[in-house]
Amino acid sequence: MTASGPLADPRKQPHDSAGGDDFDIPFDLPADTSAPRPRPGGIAARAAALANPGGPSSPGGAYLDGLNPEQRAAVEATEGPVLVLAGAGTGKTRVLTTRIAHILSLGRAWPSQILAVTFTNKAAREMKERIGAMVGEQVEGMPWLGTFHSIGVRMLRRHAELVGLKSGFTILDTDDQIRLLKQLLQAENIDEKRWPARLLANTIDGWKNRGLSPQQVPAGEGAAFANGRGQKLYTDYQARLKALNAVDFGDLLLESIRLLRENPDVLADYHRRFRYILVDEYQDTNVAQYLWLRLLAQGSHNVCCVGDDDQSIYGWRGAEVDNILRFESDFPGAKVIRLERNYRSTGHILGAAAHLITHNEGRLGKTLFSEGESGEKVTVTGAWDSQEEARAIGEEIEQLQHHSHALSQIAILVRASFQMREFEDRFVTLGLNYRVIGGPRFYERAEIRDALAYLRVIASPTDDLAFERIVNVPKRGLGDAALRQIHEHARAMGLPLVEAARQLVGSEALKPKVRLTLRDLVGAFDRWREQMANMPHHELAEIVLDESGYTEMWQKDRSADAAGRLENLKELVRSMEPFENLVGFLEHISLVMDAEGAGGGDAVNIMTLHSAKGLEFDTVFLPGWEEGVFPNQRALDEQGRAGLEEERRLAYVGITRARRRAKVFFASNRRIHGLWQSSVPSRFLDELSEKDVEVTESRGGSGWGGGQSGRYGYGPSRFDEAQTFGGSSYSTPGWQRAQNAGRGESHSGGGGGRFSDSGFSDNRPSRYAATSAARGRVIEGELIARSSGSPSAFKRGDRVFHQKFGYGEVMTVEGNKLTVQFDKAGEKKVVDSFVQAA
DNA sequence: TAAGGGACTATTTTT
DNA sequence: TAGTCCCTTA
C-alpha cells in the first residue's frame with residue numbers, strides 16, 4: 001500500500017514564478033537537439049514547416065512514424081482550431097502528445113508557450129511522461145501542462161491582488177466548503193434538515209460550473225433554495241471566502257475568468273504567451289472551462305481539442321456535451337478530424353458497443369472499426385441474484401487464471417459502488433486477489449485531514465476552518481461552548497480565530513480550566529511555528545502529531561481501523577519529505593488529490609464505470625445490467641432522455657474498455673440497501689447487436705440450472721427443473737413456440753412501477769427477461785425472450801409465494817409482471833414466474 | 001462534555 | 001444492510 005505513496009509526487013513550488021514574470025524568457029533548449037532550430041514561431045520556422053510538412057526529414061520526425069493518416073493529420077494540423085474526435089481506443093493520447101512533440105520539434109514554440117490542459121492530475125502526469133519520452137528534458141520546461149485547476153491556481157497566484165485575494169490564499173476542499181456553508185445556514189436560521197449544506201454546496205458548484213457569479217444566477221434558480229434565499233447565500237458565501245482569503249475549486253476557474261476579463265493587459269500577456277493550446281477530454285468541459293479556454297484561445301487561435309462525445313459521462317457534474325457538439329461554430333474555420341480506427345478491442349466487442357451507442361441521438365457520429373480479429377463474442381449471462389452473479393464471475397475469473405490470465409488484466413466495472421461489496425465478499429472467500437479502485441481517497445480520510453489541519457494552522461494562522469477542525473481533536477475539553485466564545489470574540493474584534501483565542505486567554509472571560517487548555521494550545525502553535533523555520537517540515541509534522549496528542553489518540557483507540565490510521569499518518573509524514581517546505585506541500589495537497597500508488601501486485605480490479613474511463617483491460621466484467629441499476633433509475637428520473645443517453649454512453653465506455661473479452665451480467669434479484677428488489681434486465685442488453693453477442697448460462701450457477709438447489713440457501717425452486725434448463729440451448733420447438741406465442745403483444749409498461757415510467761416505456765419486446773424461462777437464448781441466430789411473455793396465470797387477489805419476499809397477495813397484473821403486496825417485504829413488482837401459487 | 005441510541009438515507013467524482 | 005448525523009442522557 002505504500003510503495004509509491006499516494007502523495008509522493010512533488011510538483012514545482014507553487015510560488016516559483018509568482019514574483020518575476022517569466023514571460024518571454026525561453027526555457028533553455030536541450031543540448032542534444034539534432035536539427036538546427038529556428039526561432040520559435042519565426043518566419044524561418046514556419047517556412048520550413050510549410051516546405052516540408054512533417055516529412056521524414058523534419059526534425060525528430062521519427063515520432064511520426066507509425067501514426068495512421070488521420071492521426072498524422074491531427075498531429076500536423078498545428079495552426080488554427082482543430083477538433084479531434086477520437087473514439088475509444090483510437091490513440092487519442094498518442095495524438096495529443098505527439099502533437100506537442102511535433103510543435104516543439106519544429107521549433108514553433110518554446111515549451112513554456114504551450115498550454116496543455118487535462119482534467120486529472122493522473123492524465124497530466126501521463127502526458128508529461130509520454131512527451132518526455134519523445135522530446136526529453138524539454139518537457140520540464142512546460143509549466144503550463146496541468147489540470148484546469150492547477151493552471152487556474154497558477155494564474156491566480158500571479159495576479160491574486162487583481163481579484164481581491166492575497167497570493168497566499170488557501171484552497172478549500174469540499175469538506176471545508178460544507179462546514180462553511182453550514183455556518184451560513186445556521187446564521188440564517190435555515191433548517192438544515194430541509195436544506196442541507198451539501199445540497200447548497202452542489203447548487204453553488206453547479207452555478208460556478210456554468211460560470212455564474214452570484215449576480216448572474218437566474219432569479220428563479222436563486223430562489224429555488226431555501227425559499228428564495230439561495231442567491232443571498234451564494235453571495236454571502238463568496239464574501240466569507242474573500243474574508244478568509246480562500247477560494248473553492250469552482251473559484252479557481254471563475255476567478256481566473258474574471259481576472260482575464262477585467263484585465264485586458266493580463267489577458268494580452270497570456271495571449272502572447274500561449275502559442276498553442278491543447279485540451280484533453282474536451283467532452284468533459286463545463287461552461288466555465290469553456291469560457292476560460294475561449295478567452296485564452298482568442299490570442300493565437302491555435303487550439304486543439306481532443307475528445308469523444310460518446311464518452312461524455314460527467315454531465316451530472318456540469319460537463320456540457322454541447323461544447324464538443326458546437327465546436328465548429330465556436331471556433332470558426334475549425335478542422336474536424338475523426339479517429340475511427342480502433343487499436344484496442346476485437347471486432348465483436350467493437351460491434352456490440354458501436355451498435356449500442358447508435359441508439360443515442362445528438363451525437364457527432366463516428367464509426368469505429370478495427371482490422372483485428374473479431375475474437376470472442378460479448379457474452380450476456382443472467383443470474384438469479386447478485387450473489388450468484390458474483391459467484392459466476394468469481395468462477396470465470398478462476399478459469400481465466402488457470403489459463404494464465406493476469407488478474408491485473410481483469411476488471412469488474414460496476415455502475416454504483418454498492419455493487420462492489422458482493423464481489424469483495426466473494427473474492428475474500430475464494431482467496432482471489434482484488435483491489436478496489438476509487439474508494440475513499442487518502443486525503444479524505446479523517447486522520448489525514450486532521451493532521452493537515454494542524455499543519456495548515458501552523459502555516460497560515462488565519463486559517464479559521466482548519467483551526468476549528470482541530471481545536472478539540474483530540475478531545476481536550478474545548479467544546480462547543482468554548483468555541484462559541486472564541487467565535488464571538490473573533491467576530492467582534494474582526495480577528496482570525498487563533499488571534500481571538502490568544503486574546504481570550506489573556507482575559508478573564510473563559511472558565512479557568514478552558515483558559516488553561518486554550519493557552520497551552522495557542523502556545524503550542526506558536527512554538528511549532530517557530531520550529532518551522534529551523535527544522536525539516538516532515539520532522540515538524542511528527543512533532544506536532546506527537547505533542548498535540550493526536551497520535552496518542554489513535555494509539556489508545558481500540559477500534560479495528562486505528563492501526564490503519566496510524567499507518568496513514570506515517571505515510572503522510574513520509575510523503576512530505578520530497579517537498580521543499582510546508583507551504584509547498586500544502587499547496588500540492590490541496591490540488592493533487594488523486595491517490596494513486598498502491599500498485600500492489602496481481603489483482604482483479606474492481607471499480608465504477610466512471611473511474612474506468614481511459615483504462616483498458618483484456619477482460620472486462622460488466623455486472624448489474626438491470627433496469628434501475630443500469631440505467632440508473634435516478635438518472636432517468638432526474639434527467640429524462642439526457643439521463644438515459646448518458647447512461648448509455650457509460651455502457652459504451654464500459655464495453656470499450658475490453659481488449660479481448662467483455663462479459664455482461666444481470667441478476668434477477670438484488671439486495672439494495674438491505675431490501676431485496678427483483679429486477680428486469682437492462683434495455684441496454686437489447687441494444688447490443690445480436691451478431692456480436694452470445695447469451696450464456698450462468699456457470700457458477702448452482703442457483704440456476706445446476707440442479708443443486710438449496711445449496712446456497714434459496715431452497716428448492718421450480719427454476720431448477722429440467723424443463724427450464726434441460727439441454728444446452730433453448731432451441732427446442734416447445735420453447736420457441738412459447739416465445740413466439742408472446743410476440744406482437746404489448747402491455748402497458750407504465751403505471752408507477754419502480755422501473756418504469758421515466759418517459760421511456762419499457763414495453764418493447766426484450767430479448768432478455770427476468771423470467772426463469774426467458775433468459776434469452778440463441779434461437780436460429782436470434783436472441784429472443786420477452787419480459788412481456790404470455791399473459792400471467794395469476795390474477796388480482798391471488799396468494800403467492802416468492803423465494804425472497806415470502807408470501808403476498810397479487811395487486812395488479814400487467815402481462816407477466818405482477819405487483820404483489822408481500823406480507824413482510826411490502827409492495828414489489830415481480831415477474832410472474834418468480835412466484836408460485838400459495 | 002462525551003458516549004450511546006435512534007432516525008435517516010442511501011449514484012456516478014475531479015479538483 | 002450500514003454508515004452518518006443528531007439528539008438525548010449520564
Side-chain angles (χ1 to χ4, degrees), chain A residues 117-124 146-153 171-178 182 191-193 196-199 202 205 208-209 247-254 281 284-286 288-289 312-319 386 413-422 425 437-441 443-444 446 472-483 511 513-514 517 587-595 607-614 624 628-639 643 646-647 649-651 653-654 670-677:
Chain A
V117 211
T118 64
F119 274 84
T120 65
N121 292 296
K122 192 174 159 218
T147 63
F148 278 98
H149 296 266
S150 67
I151 290 169
V153 176
I171 301 164
L172 301 192
D173 58 34
T174 325
D175 220 63
D176 296 325
Q177 201 186 353
I178 298 224
K182 263 192 185 142
D191 179 8
E192 280 181 74
K193 286 269 166 57
R198 177 161 293 280
L199 179 65
N202 284 335
D205 272 350
K208 290 189 173 176
N209 285 337
V247 293
D248 64 17
F249 284 120
D251 286 338
L252 294 177
L253 283 166
L254 216 52
E281 306 277 17
D284 287 338
T285 50
N286 60 34
Q289 286 156 339
S312 163
I313 55 175
Y314 284 109
W316 52 274
R317 64 173 198 218
S386 43
L413 308 182
V414 298
R415 173 66 245 264
S417 34
F418 71 80
Q419 294 171 257
M420 292 180 177
R421 219 189 134 140
E422 212 87 66
D425 288 352
I437 300 193
R441 269 154 238 295
Y443 79 95
E444 276 174 350
N472 203 28
V473 181
K475 304 264 188 257
R476 44 171 80 90
L478 297 173
D480 285 349
L483 187 60
K511 283 191 222 156
K513 211 175 160 189
V514 172
T517 319
E587 171 86 3
H588 171 80
I589 275 300
S590 58
L591 282 177
V592 178
M593 293 175 155
D594 57 347
M607 67 186 97
T608 63
L609 286 159
H610 281 93
S611 41
K613 194 170 72 151
V629 173
F630 192 36
N632 177 276
Q633 190 60 35
R634 224 161 113 180
L636 261 38
D637 290 344
E638 288 168 16
Q639 303 291 326
E646 185 153 312
E647 294 289 300
R649 291 193 289 268
L650 206 44
V653 168
R670 182 176 294 279
R671 197 164 49 182
I672 300 176
H673 311 317
L675 283 176
W676 284 99
Q677 307 276 333

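First the proteins, then the strands, lettered A, B, ... as listed; each starts at 1. What you see below is based on every heavy atom in this structure, not just the backbone, and it leaves out hydrogens, waters and symmetry mates. Just so you know, these numbers come straight off a predicted model, no measurement behind them.
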Roughly how many Å is it from CG in A:Leu650 to P in B:dT12, rounded to a whole number?
11 Å
If you round to the nearest 0.5 Å, how far is CD1 of A:Ile672 from CD of A:Gln633?
10.0 Å
Measuring only between side-chain heavy atoms, which start at C-beta, is A:Lys208 closer than 4.5 Å to A:Asp248?
yes
Base, sugar-phosphate or nothing for A:Gln639? Non-hydrogen atoms, less than 4.0 Å.
nothing
Below 3.5 Å, does any donor atom in the side chain of A:Arg415 face an acceptor in the base of B:dT12, or the other way round?
yes
Min side-chain heavy-atom separation A:Asp205-A:Phe249 under 4.5 Å
no
On the nucleotide B:dT14, are OP1 or OP2 found under 4.0 Å from the side-chain N or O atoms that A:Thr147 carries?
no
When you check the phosphate oxygens OP1 and OP2 of B:dT1, does a side-chain N or O of A:Asn472 lie under 4.0 Å from one of them?
no
With a 4.0 Å cut-off on heavy atoms, is A:Gly477 in touch with a base, just the backbone sugar-phosphate, or nothing at all?
sugar-phosphate
Specify the separation, in whole Å, of atom CG of A:Asp175 and atom C1' of B:dT13.
15 Å
Between B:dT15, B:dA3, B:dT12, which one does the side chain of A:Lys475 approach most closely?
B:dA3
Among the nucleotides B:dT15, B:dA2, B:dT11, whichever has the atom closest to the side chain of A:Ala416 is B:dT11
Which is it for B:dT12, anti or syn, if anything within 90° of zero counts as syn?
anti
What is the separation between atom CG on A:Asp284 and atom P on B:dT12, rounded to the nearest whole Å?
17 Å
Write down the distance between CG (A:Leu413) and C1' (B:dT12), rounded to a whole number of angstrom.
13 Å
Ion pair check, A:Arg415 and A:Glu647, cut-off under 4.0 Å
yes
Between A:Ser150 and B:dT15, does any side-chain N or O lie under 4.0 Å from OP1 or OP2?
no
Do we count A:Tyr314 as stacking onto B:dT14 if the rule is ring centres under 5.5 Å and planes under 30°?
no
Just do the side chain to side chain donor-acceptor pair (under 3.5 Å) check on A:Gln177 and A:Asp173 with the steps written out, would you?
CA-CA 6 Å; A:Gln177 201 186 353; A:Asp173 58 34; over 6 Å; no
Tell me the interatomic distance from A:His610, atom NE2, to B:dT14, atom P, rounded to whole angstroms.
10 Å
From the list B:dT1, B:dT15, B:dT11, which nucleotide is the closest neighbour of the side chain of A:Thr120?
B:dT15
Value in whole Å for how far the P atom of B:dT13 lies from CD1 of A:Ile437:
12 Å
For atom CZ of A:Arg198 and atom P of B:dT13, their distance in whole Å:
13 Å
For A:His610 and A:Trp316, take the angle between the two ring planes, folded into 0 to 90°, and tell me which bin it lands in: parallel under 30, tilted 30 to 60, perpendicular over 60.
perpendicular
Of the listed B:dA2, B:dT13, B:dT15, the closest approach to the A:Arg317 side chain comes from B:dT13
Are A:Glu281 and A:Lys613 side-chain neighbours, meaning at least one heavy-atom pair lies under 4.5 Å?
yes
Does A:Met420 reach the side chain of A:Thr608, with side-chain heavy atoms less than 4.5 Å apart?
yes
Picking from B:dT12, B:dT1, B:dT15, the nucleotide nearest the side-chain atoms of A:His149 would be B:dT15
Among B:dT13, B:dT11, B:dT15, which nucleotide has an atom closest to any side-chain atom of A:Thr174?
B:dT15
Map A:Gly479 and A:Ser611 onto DNA chain B by nearest heavy atom, then report which one ends up closer to the 5' terminus.
A:Gly479
Listed nucleotide nearest any side-chain atom of A:Asn121, set B:dT11, B:dT15, B:dT13:
B:dT15
Residues two or more places apart in sequence or in another chain: which of them pass side-chain hydrogen bond (donor to acceptor under 3.5 Å, both in side chains) with A:Thr118?
none
Counting the atoms with a prime plus P, OP1 and OP2 as sugar-phosphate, which does A:Ala481 contact under 4.0 Å by heavy atoms, base, sugar-phosphate, or nothing?
sugar-phosphate
Along DNA chain C, first and last positions that approach a heavy atom of chain A under 4.0 Å
C:dT1 to C:dA2
Which of these nucleotides, B:dT11, B:dT13, B:dT15, is closest to any side-chain atom of A:Asn632?
B:dT11
For A:Gln419 and B:dA10, give me the distance from atom CD to atom P, rounded to whole Å.
18 Å
5′-ward residue of the pair A:Leu609/A:Ala482 relative to DNA chain B
A:Ala482
